Chemist: 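First, the structure itself, so that you have it in front of you.
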Amino acid sequence: MTAEGHRVRALTRTPGKAALPDGVEVVQADLTVPRTLPAALDGVTAVFLALPYGMDTTALI
């Protein structure tokens, strides 16, 4: 997406392990810790959500 001029932000619990391409903004947050989300999602207009297989999503509801 960055090649087309879109800004891309990746949210992760462990930014140091993200190993994402240049141009991707990496921010630390946790979907199961709601207080970490407002700053991480500030200005976001679209989301692609990829969850680990087997993740307990009941905490997200």
Side-chain angles (χ1 to χ4, degrees):
M1 296 282 279
T2 57
E4 290 84 24
H6 299 283
R7 292 178 54 201
V8 176
R9 180 181 303 161
L11 182 149
T12 179
R13 292 178 185 170
T14 54
K17 295 181 180 181
L20 294 167
D22 289 340
V24 174
E25 177 187 4
V26 180
V27 296
Q28 183 173 11
D30 187 326
L31 294 177
T32 65
V33 183
R35 71 178 180 279
T36 66
L37 299 176
L41 298 176
D42 185 46
V44 171
T45 59
V47 174
F48 174 79
L49 183 61
L51 298 173
Y53 178 74
M55 180 179 176
D56 179 6
T57 58
T58 57
L60 304 177
I61 299 174

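Computed from a prediction, not measured in an experiment: that's the story for all the values here.
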Chemist: Take Thr32 and Arg13, measure what side chain to side chain contact (heavy atoms under 4.5 Å, CB included) needs, and give me the verdict at the end.
Modeler: CA-CA 10 Å; Thr32 65; Arg13 292 178 185 170; 4.0 Å; yes

Chemist: For Glu25, give me all partners under side-chain hydrogen bond (donor to acceptor under 3.5 Å, both in side chains), at least two apart in sequence or on another chain.
Modeler: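 Residues passing side-chain hydrogen bond (donor to acceptor under 3.5 Å, both in side chains) with Glu25: Arg9.
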
Chemist: Let me check something: any side-chain donor-acceptor pairs from residues 37-52 under 3.5 Å, sequence neighbours excluded? List them with distances.
Modeler:
none

Chemist: For Pro15, check side-chain contact (heavy atoms from CB on, under 4.5 Å) against everything at least two apart and list the hits.
Modeler: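 Per chain and number, Pro15 pairs via side-chain contact (heavy atoms from CB on, under 4.5 Å) with Thr12, Val26, Gln28.
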
